Chemist: 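Before I ask anything, let me first share the structure, which is written out below as structure tokens.
Computed from a prediction, not measured in an experiment: that's the story for all the values here. Below, chains carry the letters A, B, ... as their sequence lines are ordered, and counting in each starts from 1.
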Amino acid sequence: MSTDAVSSQSNASVPAHRYSAALADQIETRWQSWWDTHKTYQTPNPGESGFDPQRPKFYCLDMFPYPSGSGLHVGHPEGYTATDIICRYKRMCGHNVLHPMGWDAFGLPAEQYAIQTGVHPAETTRRAIDNFRRQLKRFGFCYDWSREFGTIDPDYYKWTQWIFLQIYNAWYDKQQNRARPICELVEEFESGARSVQLNPDAAEYAGAGDLPGGTRVGEWSALDQDTKRMIIDSYRLAYAARQTVNWCPKLGTALANEEVIDGRSERGGFPVFRKPMRQWMFRITAYADRLLDGLRDVTWPESTKIQQAEWIGRSEGAEIDFPILEPGHVPSGMSLRVFTTRPDTIFGATYMVVAPEHPLVDEALDNPAPETDVEQLRAYVESARNRSDIERMEAKEKTGVFIGRFVQNPATGEPVPVWTSDYVLMGYGTGAIMAVPAQDQRDWDFAVKYNLPIVRTVQPPEDFQGEAYTGDGPAINSDFLNGLHVHQAKQRIITWLEDKQIGSRRVNYRLRDWLFSRQRYWGEPFPIVWDDRGNHYPVSEKSLPVTLPEMADYAPVESDDPQPLLGKATDWLKTTAGEVGVDDLPADTPVTREANTMPGWAGSCWYYLRFCDPRNDERFVGEEPERYWMGGSARSGEQAGHDQTVQGVDLYIGGAEHAVLHLLYARFWHKVLFDLGFVSTDEPFGKLFHQGLILSHAYQRPDKSLVPTDQVENVGTDDRPKWIERATGQEVTQIVAKMSKSLKNVVNPDEVIAEYGADTFRLYEMYLGPLEASKPWNTRDIIGLFRFLQRTWRLCIDESTGNPRLSEQPDPAIEKLLHRTIHRVGRDIEKLSFNTAIAAMIEFVNAADELTLDQADRFVRILSPFAPHMAEEIWHRLGRQEALGSVTIQTWPTCDEAMLVDDEIEIPVQVLGKVRSKITVPADASEETMRQRALADERIAALIADKTVRKIIVVPGRLVNIVAN
RNA sequence: GCGGGUGUGGCGGAAUUGGCAGACGCGCGAGGUUUAGGUCCUCGUGUCCGAAAGGGCUUGCAGGUUCGACUCCUGUCACCCGCACCA
């Protein structure tokens with residue numbers, strides 16, 4: 001540790017009460033324990049003692065951290081300092097502030113770390129949490145620590161399991177456009193109010209559940225138990241189904257689509273393969289439109305809304321049935337259903353493509369047509385199925401095989417061949433497309449390669465040079481559509497298809513159902529058991545939580561034959577209905593527990609609700625605290641023009657990396673809970689903000705490879721640096737890069753606090769630049785903020801005695817500046833513009849020589865959100881503590897509007913837009929006065945003497961511009 | 001390829017939203033206190049010409065609108081972040 005600031009303390013020449021690192025440490029730790037003892041930051045709930053219902057509420061939430069073994073890095077406190085400042089400010093402005101903190105502690109990273117170190121994840125996670133808590137407390141954040149919990153606490157995950165059961169016991173009513181309890185569905189089946197059929201939107205029955213004519217199966221009472229069960233399960237919002245999933249052998253678990261990036265796992269970057277497995281899924285697709293529409297009502301960064309909207313990927317088009325032909329081109333009575341966004345181009349559909357996993361391919365292999373090359377087809381399908389997603393993506397050239405089947409194009413009446421190719425995905429639409437090479441580049445590429453016909457059905461512009469034409473234009477070669485532009489042609493053809501009952505309007509989404517089970521150990525167990533016939537049953541609510549069994553061996557086996565880890569806990573696994581608490585079965589029925597666990601996202605889907613009422617053991621959150629803290633609140637009226645109502649969390653700050661993971665999942669859970677009447681708002685997070693990344697410096701060789709920081713030396717000057725790699729003497733360039741262990745450019749907050757104190761750290765991170773911007777950490781610059789605190793200290797406190805240093809008479813100029821500073825700091829906090837707020841305070845301290853008690857009092861109040869420890873200490877030494885209590889609970893000082901304007905102002909005078917002189921005029925000087933003063937100015941008069949004045953622009957209070965030539 | 005964002009001194013960044021570009025901090029230079037340095041204090045610091053007064057140039061680049069453009073419009077370049085065979 002470099003101890004420059006500390007050593008100055010021991011130097012006899014330095015005043016005894018100078019603000020040094022040692023003094024900062026003493027002040028900070030003292031007030032931190034004082035705040036703890038006095039429960040300064042505990043927030044009472046409605047009805048509790050100390051709760052003031054007159055005040056407006058402000059729920060300010062940080063994305064709670066994942067406590068890793070390596071401790072906090074400097075990125076964490078960035079967002080946390082920002083919310084801390086806002087909370088302190090809002091409290092001073094009279095709000096009831098909810099500002100909680102907890103731990104997102106289940107999931108893969110903790111488990112991977114445990115496997116590496118050989119210490120059980122329960123142990124490593126507890127240690128990591130303790131370390132994170134210690135580090136966070138050292139920053140002096142104003143969290144209400146009495147509300148702290150971790151997602152791994154059985155008291156918490158009991159309710160995570162409970163919410164799972166609510167979702168499991170719910171279905172989506174498309175007529176009412178909301179989720180309802182499953183028992184109401186059964187009632188409707190029983191009464192005949194709803195026709196009995198499989199859920200036509202159930203992804204797990206795609207291609208089977210929605211054949212023309214439907215799958216109505218008659219009276220509910222006439223059905224056997226198994227059929228009833230199958231039908232009910234097809235509606236559940238949580239369902240178990242065997243389907244193709246993203247299997248990651250290295251991680252030993254299946255992953256959700258959102259967790260796979262470019263064919264690799266989001267965590268660890270390991271390859272992902274497609275594999276059919278039985279998994280628990282959430283029917284999030286039922287909420288696709290609601291999740292999309294809800295984005296309109298929230299105050300979120302536009303880029304994040306766009307990302308979610310693109311992930312949901314709504315696209316409008318049509319489903320069309322193409323009759324399948326038997327050899328000799330005789331209709332077989334079967335049809336091939338496709339989804340297309342361009343039904344208007346159907347006359348140009350010259351071939352079809354189905355995904356390698358499509359049932360028609362299996363059928364073609366089972367009953368090959370004479371012209372089918374069975375060996376080639378089988379080989380293609382096999383290889384397509386076994387390729388990883390990465391390999392699939394790397395293949396630039398399209399490949400495919402004719403499957404030996406023809407369908408009839410219902411528009412042209414012509415037979416068209418059916419091919420299979422892996423550029424068509426089984427998971428989207430119907431897994432089959434009509435290929436229109438003239439209007440789709442992918443189809444064009446394929447058609448050219450395999451010599452398939454291309455028929456233009458949209459007239460491209462005369463100067464069109466490309467291949468496929470996707471723009472607008474009149475239809476050609478399209479019979480009754482000819483001449484119609486794309487939009488009208490779509491409407492026309494859909495009407496035609498609907499009349500002939502061979503197609504219909506259809507909306508498709510890119511969003512898939514959410515794969516919710518993992519084969520790992522460190523997660524919430526499912527409150528589900530299985531009987532020996534393979535039926536699942538919920539564990540009753542009164543028997544929750546289903547706790548995670550102790551296991552010594554929690555390491556996954558790298559395997560292509562995935563088995564959940566909990567499968568090894570045989571004693572736990574095998575139980576009886578009575579023991580586990582299943583109400584629907586006789587107590588002695590042998591059952592097997594669900595061995596999958598929930599993914600790391602589960603706990604973060606509702607933690608913001610639990611914070612409202614974290615010790616409630618009757619309900620996941622009490623109704624009144626939920627209504628109060630999550631309820632809609634009019635945005636504070638200080639920003640004019642924004643009277644819109646925000647619902648849910650008033651301000652949520654966290655990284656942008658969760659744009660489509662946590663933020664989408666939590667919205668989904670929240671909407672289900674809302675539909676079922678458990679929460680009072682439709683959206684969880686009214687206002688969202690992303691802090692930027694804290695970057696660091698790194699060095700790059702000419703070949704773009706990176707060099708660790710400790711292997712580089714500056715052989716130039718500070719002004720003109722020249723960086724060389726020590727080992728080779730080769731010149732390298734300094735770049736800005738992410739902090740990483742391998743580059744040796746990670747900054748540890750503990751060390752910075754030891755050297756300067758937490759107040760300096762907080763100020764530095766906020767002063768770095770705009771909160772939303774990514775910006776490089778520059779250790780060298782921290783000293784500037786330390787000096788500012790030192791000057792602040794010296795302004796209020798005598799460095800030699802430690803007593804207040806105050807004047808009797810206020811300096812009028814400083815009084816005026818103080819009002820301005822109060823105004824600027826308040827306005828900038830509202831804008832989350834902390835860097836400029838701090839600059840305003842620096843300017844004030846630089847300008848002031850001495851303050852009166854009253855002035856020091858007010859300045860310390862506005863400083864306190866930023867540097868709470870120093871503010872509290874000065875507050876105390878000024879003697880304010882005794883009478884008024886902690887500075888934390890004071891009111892924000894008022895500023896007098898009249899003090900914000902000057903009597904006289906300096907106005908630039910321009911000639912032809914260039915500033916040539918300045919005049920001093922009364923602030924409310926008229927246009928005419930300003931004009932005359934400007935023309936009377938000596939320098940201006942000289943400049944325009946030999947010119948003709950064409951025009952004079954006078955902006956009162958701003959400037960004068962003389963146009964003369 | 002599509003979508004979004006960002007380009008301002010040696011560095012991090014300001015700019016009342018069309019009105020004095022470079023606030024504030026770092027660094028750098030000069031001086032002071034102390035004196036072994038550092039800490040601390042004061043002043044200076046976009047750049048070019050000039051001894052100075054003063055003047056020219058300057059917000060990635062090229063145009064345009066305007067009395068006036070970092071800000072608005074058109075084109076262009078660079079970098080960053082999403083998405084990417086989604087029919």
Chemist: I'd like the C1' distance from B:G3 over to B:C72, given in whole Å.
Modeler: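 Straight-line distance between the two C1' atoms is 23 Å.
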Chemist: Is any side-chain N or O of A:R787 closer than 4.0 Å to OP1 or OP2 of B:C40?
Modeler: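 A:R787 to B:C40 OP1/OP2: side-chain N or O found under 4.0 Å.
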Chemist: Between B:A87, B:G82, B:U16, spot the one nearest the side chain of A:L425, thanks.
Modeler: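 Comparing B:A87, B:G82, B:U16 against the side chain of A:L425, the answer is B:A87.
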Chemist: A:R939 side chain N/O closer than 4.0 Å to the phosphate oxygens (OP1, OP2) of B:G55?
Modeler: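 Yes, within the criterion.
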Chemist: Is it the case that the ring center of A:F786 lies less than 6.0 angstrom away from the ring center of A:W793?
Modeler: no
Chemist: Can you tell me whether the base of B:G9 sits syn or anti, using the 90° cut around 0 to define syn?
Modeler: syn
Chemist: Indicate, with a heavy-atom threshold strictly under 4.0 Å, whether A:V955 touches base, sugar-phosphate, or nothing.
Modeler: base
Chemist: Between P on B:C26 and CG on A:N778, what's the gap in Å once rounded to a whole number?
Modeler: 12 Å
Chemist: For the NZ atom on A:K449, are there more than 12 heavy atoms of other groups (residues, nucleotides or ligands in this structure) within a distance under 6.0 Å?
Modeler: yes
Chemist: Is the phosphate of B:A87 approached by A:Y428 (side-chain N or O, under 4.0 Å from OP1 or OP2)?
Modeler: yes
Chemist: Tell me what A:R820 touches on the nucleic acid: a base, only sugar-phosphate, or nothing, going by heavy atoms under 4.0 Å.
Modeler: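 The residue A:R820 makes no contact with any strand.
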Chemist: Please confirm whether A:Y756 and A:Y764 have ring centers closer than 6.0 angstrom.
Modeler: no
Chemist: Tell me whether the side-chain N/O atoms of A:S315 come closer than 4.0 Å to OP1 or OP2 in B:A87.
Modeler: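 For B:A87, OP1/OP2 do have a side-chain N/O of A:S315 under 4.0 Å.
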Chemist: State the syn/anti category of B:U17 according to its glycosidic angle, syn meaning within 90° of 0.
Modeler: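 Nucleotide B:U17 adopts syn.
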Chemist: Give the rounded distance in Å between these two atoms: CD of A:E755 and P of B:G38.
Modeler: 17 Å
Chemist: Base, sugar-phosphate alone, or nothing: which one does A:L768 contact when heavy atoms must sit under 4.0 Å apart?
Modeler: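 Answer is sugar-phosphate: A:L768 comes under 4.0 Å of backbone atoms only.
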Chemist: In whole angstrom, give me the gap between the C1' atoms of B:U47 and B:G10.
Modeler: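 Their C1' atoms lie roughly 13 Å apart.
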Chemist: Does B:G27 have a Watson-Crick or wobble mate here (both distances under 3.5 Å), and if so which one?
Modeler: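 Across any shown strand, B:G27 pairs with B:U45.
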Chemist: In the strands shown, is B:C2 matched to any nucleotide by a Watson-Crick or G-U wobble pair with both distances under 3.5 Å, and which?
Modeler: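 B:G82 - that is the nucleotide pairing with B:C2, both distances being under 3.5 Å.
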Chemist: Could you let me know what B:C20 is paired to, Watson-Crick or G-U wobble, both distances under 3.5 Å, or none if it's on its own?
Modeler: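 None - no nucleotide pairs with B:C20, as no candidate has both distances under 3.5 Å.
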Chemist: Round to the nearest Å and state the distance from A:D440 atom CG to B:A87 atom P.
Modeler: 9 Å
Chemist: If you measure only the distance, is there a donor-acceptor pair under 3.5 Å linking the side chains of A:Q439 and A:T457?
Modeler: yes
Chemist: What's the CD-P distance between A:Q910 and B:A69, to the nearest Å?
Modeler: 9 Å
Chemist: Starting at the 5' end of RNA chain B and moving along, which residue's nearest nucleotide shows up first, A:R916 or A:S774?
Modeler: A:S774
Chemist: Quick one: is B:A14 close enough that its OP1 or OP2 comes under 4.0 Å of any side-chain N or O from A:N835?
Modeler: yes
Chemist: In terms of side-chain geometry, is the basic nitrogen of A:D344 or A:K490 positioned less than 4.0 Å from the acidic oxygen of its partner?
Modeler: no
Chemist: Using the C1' atom as the point on both nucleotides, what is the distance between B:C43 and B:U6, in whole Å?
Modeler: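 After rounding to an integer number of Å, I get 36 Å for this pair.
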Chemist: Taking the side chain of A:D422 as its heavy atoms from C-beta onward, which of B:C85, B:C83, B:G25 lies nearest to it?
Modeler: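 Of B:C85, B:C83, B:G25, B:C85 is nearest to the side chain of A:D422.
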Chemist: Quiz question: by atom type and distance under 3.5 Å, do the side chains of A:N745 and A:T709 form a donor-acceptor pair?
Modeler: no
Chemist: Does B:C61 pair with anything, Watson-Crick or G-U wobble, both distances under 3.5 Å, and if so, with which nucleotide?
Modeler: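 Because both required distances fall under 3.5 Å, B:C61 counts as paired with B:G75.
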Chemist: Within the structure shown, what part of the strands sits under 4.0 Å from A:R824 by heavy-atom distance: base, sugar-phosphate, or nothing?
Modeler: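 Nothing, no nucleic acid heavy atom in range.
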Chemist: To the nearest Å, give me how far apart CZ (A:F788) and P (B:G25) are.
Modeler: 10 Å
Chemist: Using a strict 4.0 Å threshold on nitrogen-to-oxygen distance, state whether A:E843 and A:R820 make a salt bridge.
Modeler: no
Chemist: So which one's nearest nucleotide on RNA chain B is more toward 5', A:E799 or A:Y767?
Modeler: A:Y767
Chemist: Between A:A411 and A:I346, what is the shortest heavy-atom contact and its length?
Modeler: CB-CG2, 3.7 Å
Chemist: Using a 4.0 Å heavy-atom cut-off, does A:I842 contact any base of the nucleic acid, only the sugar-phosphate backbone, or nothing at all?
Modeler: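 Answer is sugar-phosphate: A:I842 comes under 4.0 Å of backbone atoms only.
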Chemist: If you compare all heavy atoms of A:Q691 against all heavy atoms of A:G75, which two are closest, and at what distance to 0.1 Å?
Modeler: NE2-O, 4.4 Å
Chemist: Should A:R780 be listed as having a side-chain N or O under 4.0 Å from OP1 or OP2 of B:G25?
Modeler: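 So the side-chain polar atoms of A:R780 never come under 4.0 Å of the phosphate oxygens OP1 or OP2 of B:G25.
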Chemist: Between B:G68 atom P and A:I952 atom CD1, what is the distance in whole Å?
Modeler: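 Checked: the CD1 to P distance equals 16 Å.
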Chemist: Rounded to the nearest angstrom, tell me the gap between atom NZ in A:K775 and atom P in B:G25.
Modeler: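 Taking NZ of A:K775 and P of B:G25, I get 19 Å after rounding.
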Chemist: I'd like the C1' distance from B:C79 over to B:G68, given in whole Å.
Modeler: 32 Å
Chemist: Could you tell me whether the side chain of A:N961 has a donor or acceptor atom within less than 3.5 Å of a complementary atom in the base of B:C67?
Modeler: yes
Chemist: Which of these nucleotides, B:G3, B:A87, B:G12, is closest to any side-chain atom of A:E310?
Modeler: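 Ranking B:G3, B:A87, B:G12 by closest atom to the A:E310 side chain puts B:G3 first.
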Chemist: Across the strands shown, which category fits A:K914 at heavy-atom distances under 4.0 angstrom: base, sugar-phosphate, nothing?
Modeler: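 If one applies the 4.0 Å heavy-atom cut-off, A:K914 turns out to touch the sugar-phosphate alone, with no base involved.
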Chemist: Rounding to the closest angstrom, what is the interatomic distance between B:C24 and B:A15 at atom C1'?
Modeler: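 Comparing C1' positions in B:C24 and B:A15 gives a spacing of 12 Å.
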Chemist: Taking only Lys NZ, Arg NE, NH1 and NH2, and the carboxylate oxygens of Asp or Glu, determine whether A:K816 and A:D902 approach each other closer than 4.0 Å.
Modeler: yes
Chemist: Choose from B:G25, B:A21, B:A23 the nucleotide whose nearest atom is closest to any side-chain atom of A:E843.
Modeler: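 Closest nucleotide among those given: B:A23.
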Chemist: Let's see if you can work this out: which of B:C26, B:A15, B:G25 has an atom nearest to the side-chain heavy atoms of A:I783?
Modeler: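 Among the listed nucleotides, the one closest to the side chain of A:I783 is B:C26.
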Chemist: Please work out if A:R314 contacts a base, only the sugar-phosphate, or nothing of the nucleic acid, heavy-atom cut-off 4.0 Å.
Modeler: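 A:R314: no heavy atom of the nucleic acid under 4.0 Å.
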Chemist: What is the nucleic acid contact for A:E302, judged by heavy atoms within less than 4.0 Å: base, sugar-phosphate only, or nothing?
Modeler: nothing
Chemist: I want to verify a distance call: between B:C40, B:C20, B:G12, whose nearest atom is closest to the A:Q790 side chain?
Modeler: B:C40
Chemist: Check every strand shown and say whether A:N846 touches a base, only sugar-phosphate, or nothing at a heavy-atom separation below 4.0 Å.
Modeler: sugar-phosphate
Chemist: Taking atom C1' in both B:G38 and B:G32, what distance in whole Å separates the two?
Modeler: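 Pairwise C1' distance, B:G38 against B:G32, rounds to 16 Å.
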Chemist: Provide the distance between the two P atoms, one in B:A23 and one in B:G46, to the nearest whole Å.
Modeler: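 Rounded to whole Å, the distance is 8 Å.
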Chemist: Taking the same atom, C1', in B:G12 and in B:G82, what whole-Å distance lies between them?
Modeler: 26 Å
Chemist: Side chain of A:A839, heavy atoms from C-beta onward: which of B:C20, B:A87, B:A23 has the nearest atom to it?
Modeler: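 The nucleotide sitting nearest to the side chain is B:A23.
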Chemist: Whole angstroms only, please: what is the CD1-P distance between A:I261 and B:A84?
Modeler: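 Checked: the CD1 to P distance equals 9 Å.
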Chemist: From the options B:C20, B:A87, B:C41, select the nucleotide whose nearest atom is closest to the side chain of A:T341.
Modeler: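 Per side-chain heavy atoms of A:T341, the pick is B:A87.
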